[in-house]
Amino acid sequence: VFVGTALVNMYGRFGCLEDAGIAFDKMLDHDVVAWNALISASVRNKEGVRALQYFRQMQEEGVLPNKVTLVSGVNACATHSAFSEGKHIHAQVVILDLDSDVVVATALIHTYGRCRRINNAKSVFDVILNRDTVLWTAMMAAYAHYGQISEAFKLFDEMLFVGALPDKISCISILSACVSKTGIDDGRQMHTRMIFCGLDLDESTLNGLITMYVKCGSMDDALKTFEIASTRN
RNA sequence: GCUGGCCCUCAU
């Protein structure tokens, strides 16, 4: 069963969902981990609907979901913005007393964010006490994705205030939302913040900055950033 | 052996 599960997982990572299904079918027993591998393989290949079918089928066959199952189930909803399905799985999360788990919460925030249900995402966020960088980033990205830059900035500053460290992904998530035809203030503010928190300005972050400046119509800032990048190397 | 955040067939 371990080997079969590893196979399902591997095919899933290679993008061969059909082969993952075949490997799964060849297994004699399907425990919760085997199902989880099949479900997460489907999610990884953007087959959210199929993942949810497996999610339900597993439970119909009497296998109880665990934390990993629910995380994958929640993320399956994100692929096609299935809000009511997401809420339904959220209810299961509460029943299993997993609603204070930071990984589960991150998945919920991500999914609610993609469903444009920022308030639902924020409610999940507020309940979590031991917030890590990934959780903060998921919430900021949800705000940023729908243009609520000021909210994203508030969270970013609050994050620094409580001593959490934003990483590359945190910054790039917000940066990409700073693109606007009307101004580059947001982008410059984000640039300042990135320097302030000592983020390593590597290839991807510099690329994000330059892209943002170009899209905002400021070749000056883009070139300045590019020159700084050149002097470093 | 299976899980969470930007992007990666939904930035260009």
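Since the structure is predicted, the reported quantities are computational estimates derived from the model, not experimental observations. We name chains A, B, ... by the order of the sequence lines, and we start the count at 1 in each one. Just so it is clear, the values below take in all heavy atoms, side chains as well, and ignore hydrogens, waters and symmetry mates.
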Salt bridge A/R193-A/D157, side-chain N to carboxylate O under 4.0 Å
yes

Sugar-phosphate only, base, or nothing, as touched by A/S204 at under 4.0 Å among non-hydrogen atoms
nothing

Calculate the interatomic distance between A/L135 atom CG and B/U3 atom P; express it in whole Å.
20 Å

Going by distance alone, is a donor N or O of one side chain under 3.5 Å from an acceptor N or O of the other, for A/E61 and A/Q57?
yes

Consider only side-chain N and O atoms of A/N66 and A/T69, and report whether a donor and an acceptor are under 3.5 Å apart.
yes

Go through the side-chain N and O atoms of A/D167 and A/T133 and say whether any donor and acceptor fall under 3.5 Å apart.
no

Is the phosphate of B/U3, meaning OP1 or OP2, less than 4.0 Å from a side-chain N or O of A/N36?
no

Could you state the atom-to-atom distance from CG of A/N66 to P of B/G4 in whole Å?
13 Å

What integer distance in Å separates A/K215:NZ from B/C7:P?
12 Å

Does B/U9 have its OP1 or OP2 closer than 4.0 Å to a side-chain nitrogen or oxygen of A/N45?
no

Under the salt bridge (charged side-chain N to carboxylate O under 4.0 Å, His left out) rule, collect the residues that match up with A/R117, sequence neighbours excluded.
none

Figure out the CH2/P separation between A/W136 and B/C6, and round it to whole Å.
17 Å

Can a donor-acceptor pair be found between the side chains of A/S123 and A/N120 at a distance below 3.5 Å?
no

Residues touching RNA chain B, which here means a heavy atom under 4.0 Å, drawn from residues 98-106 of chain A:
A/V102, A/V103, A/T106

Round to the nearest Å and state the distance from A/Y146 atom OH to B/C6 atom C1'.
14 Å

In whole angstrom, give the distance that lies between atom CD1 of A/I39 and atom P of B/C2.
15 Å

Give one of base, sugar-phosphate or nothing for A/S40, where a contact means two heavy atoms less than 4.0 Å apart.
sugar-phosphate

Which heavy-atom pair separates A/S170 from A/M140 by the least distance, and what is that distance?
CB-CE, 3.9 Å

Quick one: is B/U3 close enough that its OP1 or OP2 comes under 4.0 Å of any side-chain N or O from A/R13?
yes

Name every residue in residues 1-8 of chain A that has at least one heavy atom under 4.0 Å from any atom of RNA chain B, in order of residue number, or write none if there are no such residues.
A/V1, A/F2, A/T5, A/A6

Under 4.0 Å, heavy atoms only, any strand: does A/T133 hit a base, just the sugar-phosphate, or nothing?
base

Choose from B/C7, B/G5, B/U3 the nucleotide whose nearest atom is closest to any side-chain atom of A/K67.
B/U3

Which atoms form the tightest heavy-atom contact between A/L52 and A/G73, and what is the distance?
CD2-O, 3.8 Å

Could you say whether A/A78 or A/A138 is positioned toward the 5' end of RNA chain B, judged by the nucleotide with the nearest heavy atom to each?
A/A138

Between A/Y112 and A/F83, is any pair of side-chain heavy atoms under 4.5 Å apart?
yes

Would you measure the distance from the C1' atom in B/C6 across to the matching atom in B/U12 and give it in whole Å?
15 Å

Residue pair A/Q53 / A/E47, side-chain donor-acceptor N/O under 3.5 Å:
no

Presence of donor-acceptor pair under 3.5 Å, side chain of A/D132 and base of B/G4:
yes

Take the protein atom CZ of A/R44 and the nucleotide atom P of B/G5, then report the distance between them rounded to whole Å.
11 Å

Which whole-number value in Å describes the distance from A/L155 CG to B/G5 C1'?
13 Å

For B/C6 and A/H110 - does any side-chain N or O of the residue sit under 4.0 Å from the phosphate oxygens OP1/OP2?
yes

Using a strict 4.0 Å threshold on nitrogen-to-oxygen distance, state whether A/E227 and A/K224 make a salt bridge.
no

Would you indicate which nucleotide in B/C7, B/G1, B/G5 comes nearest to any side-chain atom of A/D167?
B/G5

According to a strict under-4.0 Å criterion, is A/R114 in side-chain N/O contact with OP1 or OP2 of B/G5?
no

